[in-house]
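Okay, so here's the structure we're looking at.
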Amino acid sequence: MTEVRVRFPPSPTGYLHIGGARTALLNWLWARKNGGKLILRIEDTDAERSTQESIEGIIDGMTWLGLDWDEGPYFQTEFSDDHNRAAKQLLDSGHAYKCFCSKEELDNKREAAMAAKKDVRYDGTCRNLTPEDIAEKEKQGIPFVIRFKVPQIDGKVAYEDKVLGTIERSYDDIEDFVIVRSNGKPLYLLCNVVDDIRDRISHIIRGQDHMSNTTRQVLLYQALDARVPVFAHMPLTLDLQKRKISKRSHGEIVAVQFYREKGFIPWALCNFLALLGWNPGTDQEIFSRDELIEAFTLERIGKVNSVFNYQKGNAKFFTDPKLISINEQYLRTMELEQLAELVKQDFLAQNIWDESYERDKRDWFLTTLDLIRDRFHTICDFATLGRAYFAEDYQVEAKPLKKNILKHPDLKKWLPLLAERFAALDEFSKETTEAASRALADELQIKPGILINGMRTVLTGQLAGPGMFDILMALGKERVMQRLANIDRLYE
Ligand code: GLU
């Protein structure tokens, strides 16, 4: 069997779109599954639209997602000699010809054909020019493009698509397409094939939006005497209204960077993207890297459009709810050491990282992450909703403040009193603090819930969270006492 060599060839004209990331992921999976190679090739021939910022964004995004490549990044512009040589080869071998028709002539013919409801494709005027005609036109300096000479034979050009089966198109349905512009620059369609031949690409896994090119590209492979790769065209990703998801209509949610900033776990995003257009044939939704590599097959890529379930203006879900749910599942079950690394990166960015979390407070740090992660949705929640465990500048949310604090002004006296009771304890444990809290509630003839909810709000700023006495242990005696004693600040 030939070596599996796949490529991810983004055009660096913007941010890394989640559709692009899905393409990269599926290629990566196929390479890893087969012990093959993933080649990163930046298709930067469109000099006006390509930017360095975009190249960096693509590389950063792939690195963040954990999609490592084996060769590259190569840059398409560095291979223009190959592209020019291929164009010459096609001319020399009679698979292409120079076309001297001017734009005006072509436009006029097209308009006339349209008016007469006739075929609007190029009529082949220059297809059979004699060498003398050509020499004469060149002498006159008439600009020309190079067109591919589509065989005028009955029958169809066909290729095998691993997802969609045999795809064929009649030769007489394909126009003699341009492969080199009049400024001498080879067109993308040709460059892409030449690069894939040079990079010995075995499988091309890309979106169905490229299918309009594929039959013409197959003709180019054949004319260049190259092996035609195996194709697998993936379904498009549309929103609920069946529109392509784009930054213009959907905003930031289409960019990989958005998920990074929002605190998504890179592999959770990959897991979600894999399921967007591929299905395992079972109900399994969560896949480790190894499981996904094992389960992935090209044949199980979907045939029909996949849906990114996002509705603008949905206050509850700022992206596809399934993505949030997968992220939560990872957050709750992933190895603590791995989680700690992701939280560390965010804490560093938020300026609340403490070196001791990696030294003497390591156990405390891991236990605390484990304690609070149950209700969290993203990594950012540790520094926001969970801030009280790691910093003193945490916010007290409006709802618990109103419900658990302002409604009970006597807590101003009661919570400092409770702090005194805690101070007098021989041992500061879950059991002793709970007993002390209940005893004080009894004495004051109030429901223990009033003290407990008040305490939760003062200590964490949140309405809900882990068990109250677990919280006390996580915060430690000193911080608990200090915060309870300072309850006054909440009534200001
Ligand atoms: N540069 C193309 C794109 O970004 C990729 C084309 C291909 O995969 O062949 O859409």
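For ligands, and for the atoms within them, numbers begin at 1 and follow the listed sequence.
Ligand 1 lies under 4.0 Å from heavy atoms of Arg7, Pro9, Pro10, Ser11, Glu43, Tyr188, Asn192, Arg206, His210.
The nearest pair of heavy atoms linking Ser54 to Pro12 is OG-C, 2.9 Å.
The salt bridge (Lys or Arg N to Asp or Glu O under 4.0 Å) contacts involving residues 141-168 comprise Lys156-Glu168, Lys162-Glu299, where partners must be two or more places apart or lie in separate chains.
Partners of Asp381 by side chain to side chain donor-acceptor pair (under 3.5 Å), not counting sequence neighbours: none found. Under the rule for a ring pair (Phe, Tyr, Trp, His ring centres under 6.0 Å), Phe258 has no partner lying at least two apart in sequence or in another chain.
In this structure, a donor-acceptor pair under 3.5 Å is absent between the side chains of Ser11 and Tyr188.
When the shell of 6.0 Å around NZ of Lys118 is examined, it contains 12 or fewer heavy atoms from other residues, nucleotides or ligands.
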